[in-house]
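For reference, the structure discussed in these notes is given below.
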Amino acid sequence: MQNQEPTLHELQKIRREKLAKLRELGVEAFPYRYGRTHSSTNVLNQAEELEKSEEQVSLAGRLMAIRLMGKSCFAHIQDSAGRIQIYVKKDAVGEDQFDIFKLFDIGDHVGVRGTVFVTHSGEISIRVAEFVLLSKNIHPLPIVKEKEGEVYDAFSDKELRYRQRYIDLVVNPEVRKVFETRTRIVTIMRSYMDALGFLEVETPILQPLYGGALAKPFVTHHNVLEKDLYLRIADELYLKRLIVGGFDRVYEIGKDFRNEGMDRSHNPEFTMLELYAAYEDYTFCMTITEGLVAALASEILGSPELTYEGKKYDLTPPWPRYKFFDLVNEAIGKDARELTDQQIADECSKAGLKLDAGKTGRGKLLDKLFGAFVEPKLDGPCFVIDYPKELSPLAKRHRSDDGLVERFEGFLAGREFCNSFSELNDPLDQRERFEAQGLLREAGDDEAQPLDEDFLTALEIGMPPTAGLGVGVDRLVMYFTDQHSIRDVILFPQMR
RNA sequence: GACGAUGUAGCUCAGCUGGUAGAGCAGCGGCCUUUUAAGCCGUUUGUCGUGGGUUCGAUUCCCACCAUCGUCACCA
């Protein structure tokens, strides 16, 4: 639908005619640059002095409202900082120029030069002495009007908003704010990690073998090498190779790709922060998680209290830590570790899950059980710790319980947002875990991890004790911007 | 992937039990040199999501498909 030449509707024809008319009048419709002295908010903030000094200010922006009154005109222009009213008067600009201004439309970019004044109704405005067209709009913009906080004719069609984000951003200022906050969050993450001595690195997105998570990958093909490559599902295995290589602390913020369903908390490509620290264990990562989230809260919210979808959450560390099996056992009223695979499947069926104990591995069965009975109740913030070994092929065996691994997940608002463990660095144990994954794969689990021989070699070379953490950046942004859908925190979300 | 809801002018929406569509804003013309959802007068705009079918006739009924939203399944 997008690649068809759109039929020229009346509105667009009229704008093209205006463009032609402007050119006849000698107006350059798409000039090369415009020197600004101020932004809209600069002017609004310094209005008093600027008005007194009658200093000439130049600013540029997009026309968002035009109120023409015969021989004068009020209009609003919008720049990346905000909006400001301009006042164009025939007397001030001359008749020829005023006729040109009348050919301008909502959506045009203009540059204006003039002095600052305040209107009778108290709005800080620019009295325009001179204006130029900077770019002509020939495709009408949706007109959003507002009075006393109430919005009229909002541009609200989700499909159009996501597919034509450029319009969404022009017309819905709160959308711009969400993405500005997103960038601030990532910046804060970087400085937080940098301050702790972590080195930011980049690892391959195109990988000959995928790993580091349980997920289905996207497959692509390299023509010259004549082989298939995978888009990474996690950074993990490469970052650990770097720990083997001797970097003590590394992190990466980047996109992962998982070939799975989409909903309001899942986009096929999403952003993860992954970090690895040598000589630390998973308790270190809990501290990092708490510290990072608390830092975000104080810088973004100015308070440890987060409101998400009407509910309040206190993010002040430390957060409670609940053991995986304590939660599960309490929820089902039995000791899950004593149950057979079939019995776990039966418990799952009580929650309406149909699972085949023969085909699904024990780890996954337990995970289902957790997802069905525990997860929805985890308001958080909290950590769930010490997961079953079968579920975590890259995590180190628990120091005091052979059937568990030293792993935690962080929860907030009933949703997981991070995952961490004491990294498995025993190459022989790791090989066994891969082999167990291989058996699951043969049994039909297409999310089981393939064996990565080179990664095993790296572990054989020797990885120090290491802690690793992965944080879902999109989800954190959702919390801190109070957005309901992941699509509202990704500029160009995947559409069908 | 399953079920449900929705899809009408550039935008937001109305359209009862089938007779080829309306409003506000935007646009266009006119009046208006401090307006601000500017106002007043006049006026234009539509493959009624797409493709089939039923019918003399479908935006309205039926089927399929596409898209969006929601719930579930899968996962972060």
Side-chain angles (χ1 to χ4, degrees), chain A residues 1 6-15 17-18 64-76 83 85-93 98 105-107 117-123 125 127 137 139-164 167 171 212-216 233-234 256-274 351-355 364 367-368 371-372 375 409-411 415-419 446-447 470-476 478 484-487 493 495-496:
Chain A
M1 78 185 250
T7 52
L8 279 184
H9 291 294
E10 200 56 32
L11 297 173
Q12 289 163 283
K13 263 191 213 156
I14 288 164
R15 298 215 172 179
E17 283 163 16
K18 283 186 180 180
M64 294 302 288
I66 298 174
R67 295 179 290 281
L68 181 67
M69 295 174 300
K71 296 186 181 62
S72 76
C73 181
F74 281 95
H76 274 93
R83 283 189 186 195
Q85 178 167 265
I86 63 170
Y87 182 48
V88 181
K89 209 160 57 150
K90 195 172 184 173
D91 292 352
V93 298
F98 197 72
D105 291 297
I106 287 172
F117 77 109
V118 178
T119 64
H120 288 166
S121 52
E123 179 160 356
S125 309
R127 190 191 309 277
N137 163 295
H139 192 117
L141 224 43
I143 307 301
V144 178
K145 297 214 168 186
E146 201 176 324
K147 188 188 187 181
E148 283 150 16
E150 219 172 320
V151 176
Y152 298 80
D153 298 339
F155 178 63
S156 57
D157 185 289
K158 287 246 168 59
E159 176 168 10
L160 289 177
R161 285 188 46 223
Y162 298 143
R163 285 192 197 276
Q164 297 186 287
I167 297 179
V171 158
L214 304 176
K216 281 170 250 176
I233 58 172
D256 288 342
F257 307 84
R258 298 189 185 173
N259 206 340
E260 276 150 4
M262 299 157 49
D263 60 32
R264 73 188 173 87
S265 55
H266 299 264
N267 195 63
E269 57 181 289
F270 62 103
T271 304
M272 280 268 275
L273 160 68
E274 277 196 44
L353 297 177
K354 284 175 219 139
L355 292 168
K364 255 202 173 160
D367 189 40
K368 294 282 175 198
E375 197 166 357
E409 293 188 330
F411 287 83
R415 202 175 288 152
E416 177 199 344
F417 73 93
C418 70
N419 182 20
D446 50 5
E447 288 181 357
V471 179
V473 173
D474 309 280
R475 289 190 175 178
L476 271 190
M478 284 170 71
H484 179 67
S485 168
I486 196 166
R487 286 179 162 184
M495 303 294 284
R496 198 173 287 266

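Below, read A as the first sequence line, B as the second, and so on, with proteins coming before strands; counting in each chain starts at 1.
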Using the [atom1] atom on both, measure [N] against [M] and round to a whole Å.
{"N": "C72(B)", "M": "G49(B)", "atom1": "P", "result": "30 Å"}
{"N": "G19(B)", "M": "C61(B)", "atom1": "C1'", "result": "14 Å"}
{"N": "C66(B)", "M": "G39(B)", "atom1": "P", "result": "45 Å"}
{"N": "G51(B)", "M": "A67(B)", "atom1": "C1'", "result": "15 Å"}
{"N": "A21(B)", "M": "U59(B)", "atom1": "P", "result": "9 Å"}
{"N": "G46(B)", "M": "A9(B)", "atom1": "P", "result": "11 Å"}

What's the [atom1]-[atom2] distance between [X] and [N], to the nearest Å?
{"X": "Ile106(A)", "N": "A37(B)", "atom1": "CD1", "atom2": "C1'", "result": "12 Å"}
{"X": "Ile66(A)", "N": "C32(B)", "atom1": "CD1", "atom2": "C1'", "result": "17 Å"}
{"X": "His484(A)", "N": "U68(B)", "atom1": "NE2", "atom2": "P", "result": "16 Å"}
{"X": "Met64(A)", "N": "C11(B)", "atom1": "CE", "atom2": "P", "result": "15 Å"}

Please tabulate the protein-to-nucleotide N/O contacts below 3.5 Å involving nucleotides 39-44 of chain B, giving atom names and distances.
none

Identify all side-chain donor-acceptor contacts of residues 65-76 of chain A below 3.5 Å with residues at least two apart in sequence or on another chain.
| residue | atom | partner | partner atom | Å |
| --- | --- | --- | --- | --- |
| Arg67(A) | NH2 | His76(A) | ND1 | 3.4 |
| Arg67(A) | NH2 | Gln85(A) | OE1 | 2.7 |
| His76(A) | NE2 | Glu123(A) | OE2 | 2.8 |

Going by purine N1 to pyrimidine N3 plus the second Watson-Crick contact, or the G-U wobble pair, all under 3.5 Å, which nucleotide sits opposite [N]?
{"N": "U59(B)", "value": "none"}
{"N": "U34(B)", "value": "none"}
{"N": "C69(B)", "value": "G4(B)"}
{"N": "U20(B)", "value": "none"}
{"N": "U43(B)", "value": "G27(B)"}
{"N": "A64(B)", "value": "U50(B)"}

Going by the rule salt bridge (Lys or Arg N to Asp or Glu O under 4.0 Å), which residues pair with [X] if we only count those two or more places apart in sequence or in a different chain?
{"X": "Arg15(A)", "value": "Asp105(A)"}
{"X": "Glu409(A)", "value": "Arg407(A)"}
{"X": "Asp367(A)", "value": "none"}
{"X": "Lys89(A)", "value": "none"}

Notebook entry, point to check: What do the steps show when you test Arg487(A) against Arg161(A) for side chain to side chain contact (heavy atoms under 4.5 Å, CB included), and what is the final call?
Noted result: CA-CA 10 Å; Arg487(A) 286 179 162 184; Arg161(A) 285 188 46 223; over 6 Å; no

Polar atoms only, N or O, under 3.5 Å: list the protein pairs with nucleotides 5-10 of chain B and their distances.
none

[options]: which one has an atom nearest the side-chain heavy atoms of [X]?
{"X": "Lys89(A)", "options": "A67(B), U35(B), U33(B)", "value": "U33(B)"}
{"X": "Lys158(A)", "options": "G70(B), U35(B), C69(B)", "value": "C69(B)"}
{"X": "Met69(A)", "options": "A73(B), G70(B), U34(B)", "value": "U34(B)"}
{"X": "Glu123(A)", "options": "U35(B), C69(B), C11(B)", "value": "U35(B)"}
{"X": "Asp91(A)", "options": "U33(B), A73(B), G27(B)", "value": "U33(B)"}
{"X": "Lys368(A)", "options": "C69(B), A26(B), C74(B)", "value": "C74(B)"}
{"X": "Arg67(A)", "options": "A67(B), U34(B), A38(B)", "value": "A38(B)"}
{"X": "Lys18(A)", "options": "U34(B), C28(B), U68(B)", "value": "C28(B)"}

Which is true for [X] with a 4.0 Å heavy-atom rule: it touches a base, it touches only sugar-phosphate, or it touches nothing?
{"X": "Arg83(A)", "answer": "nothing"}
{"X": "Phe117(A)", "answer": "base"}
{"X": "Met495(A)", "answer": "sugar-phosphate"}
{"X": "Asn267(A)", "answer": "base"}

Margin query: List the residues meeting side-chain hydrogen bond (donor to acceptor under 3.5 Å, both in side chains) with Asn259(A), not counting sequence neighbours, and say none if there are none.
Written below: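 side-chain hydrogen bond (donor to acceptor under 3.5 Å, both in side chains) check on Asn259(A) returns nothing, list empty.
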
Next item on the list: Looking only at non-hydrogen atoms, find the nearest pair between Glu260(A) and Ala215(A) and report the distance.
Entry: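 Minimum heavy-atom separation between Glu260(A) and Ala215(A): OE2-CA, 3.4 Å.
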
Next item on the list: Apply side chain to side chain contact (heavy atoms under 4.5 Å, CB included) to Glu269(A) and list each qualifying residue two or more places apart in sequence or on a separate chain.
Entry: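 Once residues adjacent in sequence are excluded, the partners of Glu269(A) under the side chain to side chain contact (heavy atoms under 4.5 Å, CB included) criterion are Lys255(A), Phe257(A), Asn267(A).
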
Checklist line | Glu416(A) vs Ser72(A), nearer the 5' end of RNA chain B by closest nucleotide | finding: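 By nearest-heavy-atom nucleotide position, the 5'-most residue is Ser72(A).
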
Note to self: Is there, by distance only and without an angle test, a donor paired with an acceptor across the side chain of Gln85(A) and the base of U35(B) below 3.5 Å?
What the structure shows: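 Result: at least one qualifying N/O pair found.
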
Next item on the list: Evaluate the side-chain proximity of Ile167(A) to Pro142(A): yes if any heavy-atom separation is below 4.5 Å, no if none is.
Entry: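 Pro142(A) vs Ile167(A): side chains touch.
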
